[in-house]
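These notes concern the structure reproduced below.
Letters go in sequence order (proteins before strands), and every chain restarts at 1.
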Amino acid sequence: MQLTIDDELLDDGRTLVTVAGEVDIATGPQLRQRLLELAADGRTRVIIEASQVSFIDSTGLGVLVGALKRLRQSGGDLTVVSSSPPVKKILEITGLLDVFKFSDSMDGVTSP
Amino acid sequence: MSDSGRSDWLTLTLRADPAVVRVARSFIGAVAAEAGVGHDELEDMRLAVSEAVTNAVRATRRVGAEEAVVVRCAARPDEMVVQVQDAAGGFDPSVTATPTEELPASGYGIPVMHGLADDVSILAGAGGTRVSLTFRR
């Protein structure tokens, strides 16, 4: 499995981007492009659900960091949700876990 | 690295293309699984190798070189050693996430390798760069 990306506009106006597969130098550009397109549509409050991401390295992390910076600069924000180890691992090892709004599950991230 | 000639090396030669990075991960994952490395350690190895091979592919493409990226792995009773060699003319291993930018979007590869491997050595010369990652068992 390489990478699949789906997006959904939530009732509260935020955009849920569900990412599955591997995020690296080969697939990272796809994710960056999709996030840029969403931001260009004014969808700047974004939740990335990455529980089905089986692998991510620092190139994939760079895509998330770039998105976080762009979204914040445009008054939006980015939340990262992942119940699986790879995303949390790369955030922890680079010391960026606290930089992101990170959650292990969607509970509490979306309005009931 | 005088021990490159040891007979316990498995070698994978790859073209410098982004698509091969996952092939390198699969290779290391297979060698580690065959050697009985546990799941968490295996995932650490795959991540560290992904960083090293990504750097090698980027460096090779940056200088427009067509030389291959070579990944070697040796599974030994006391350690797993992985070497990633490119022929791109060397890079400056001191280039990592710089404090000049508040939240840099790149430069995390080498810190990740240091965070995962027990030993990281980077030899950069005119002929290219060799990254050696040692994971003790």
Side-chain angles (χ1 to χ4, degrees), chain A residues 1-4 20-33 35-36 39 48 50 52-74 76-78 80 82 84-102, chain B residues 14-29 38-62 69 84 86 95-99 101-118 120 131 133:
Chain A
M1 181 186 215
Q2 299 228 10
L3 187 70
T4 61
E22 301 188 330
V23 193
D24 67 358
I25 185 177
T27 59
Q30 285 173 246
L31 180 58
R32 180 186 297 112
Q33 183 62 32
L35 293 170
L36 282 169
I48 294 180
Q52 296 302 314
V53 169
S54 56
F55 180 86
I56 181 169
D57 61 16
S58 72
T59 304
L61 173 69
V63 174
L64 298 182
V65 171
L68 176 71
K69 292 169 74 170
R70 282 195 308 273
L71 293 172
R72 282 185 180 166
Q73 281 163 8
S74 55
D77 68 67
L78 174 64
V80 177
S82 182
S84 71
V87 174
K88 193 170 187 179
K89 174 102 187 180
I90 195 82
L91 290 172
E92 283 177 339
I93 206 163
T94 53
L96 295 180
L97 189 60
D98 295 336
V99 172
F100 285 84
K101 284 185 189 170
F102 179 86
Chain B
L14 298 162
R15 70 182 187 279
D17 184 288
V20 306
V21 177
R22 73 191 296 263
V23 177
R25 290 198 297 270
S26 297
F27 169 63
I28 293 305
H39 177 267
D40 290 354
E41 291 75 21
L42 187 150
E43 288 302 316
D44 286 354
M45 289 183 65
R46 280 172 20 93
L47 178 50
V49 167
S50 194
E51 303 294 351
V53 176
T54 296
N55 284 350
V57 168
R58 282 213 179 100
T60 302
R61 292 168 72 86
R62 190 157 47 233
V69 172
V84 178
D86 67 56
V95 176
T96 56
T98 53
E101 196 179 351
E102 193 179 344
L103 185 57
S106 61
Y108 298 106
I110 291 173
V112 168
M113 285 187 254
H114 280 284
L116 295 170
D118 293 298
V120 179
V131 176
L133 306 167

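The structure places CG of B/Leu103 at 6.0 Å from CG of A/Leu68, a figure rounded to the nearest 0.5 Å. Between B/Glu51 atom CD and A/Ile90 atom CD1 the span is 5.5 Å, to the nearest 0.5 Å.
Nearest approach of B/Ala105 to A/Gly66, heavy atoms of both residues: CB-N, 4.2 Å. The two residues A/Ala26 and B/Pro18 make their nearest non-hydrogen contact at CB-O, 3.7 Å.
Residue B/Asp40: no heavy atom, backbone or side chain, is found under 4.5 Å from chain A. With a threshold of 4.5 angstrom between heavy atoms, A/Asp24 approaches chain B through side-chain atoms but not through N, CA, C or O. For A/Ile56, the part sitting under 4.5 Å from any heavy atom of chain B is the backbone (N, CA, C, O) and nothing else.
Looking only at side-chain heavy atoms (C-beta outward), A/Ile25 and B/Val53 stay at 4.5 Å or farther from each other. Counting only heavy atoms from C-beta outward, the side chains of A/Gln2 and B/Arg22 approach each other to under 4.5 Å. Here the side chains of B/Leu116 and A/Ile93 are in contact, with some heavy-atom distance below 4.5 Å.
Heavy-atom pairs under 4.5 Å with chain A peak, among B/Arg46, B/Glu43, B/His114, at B/Arg46.
Annotation: cation-pi geometry satisfied between B/Arg25 and A/Phe55 (NZ/CZ under 6.0 angstrom from ring centroid, within 45° of ring axis).
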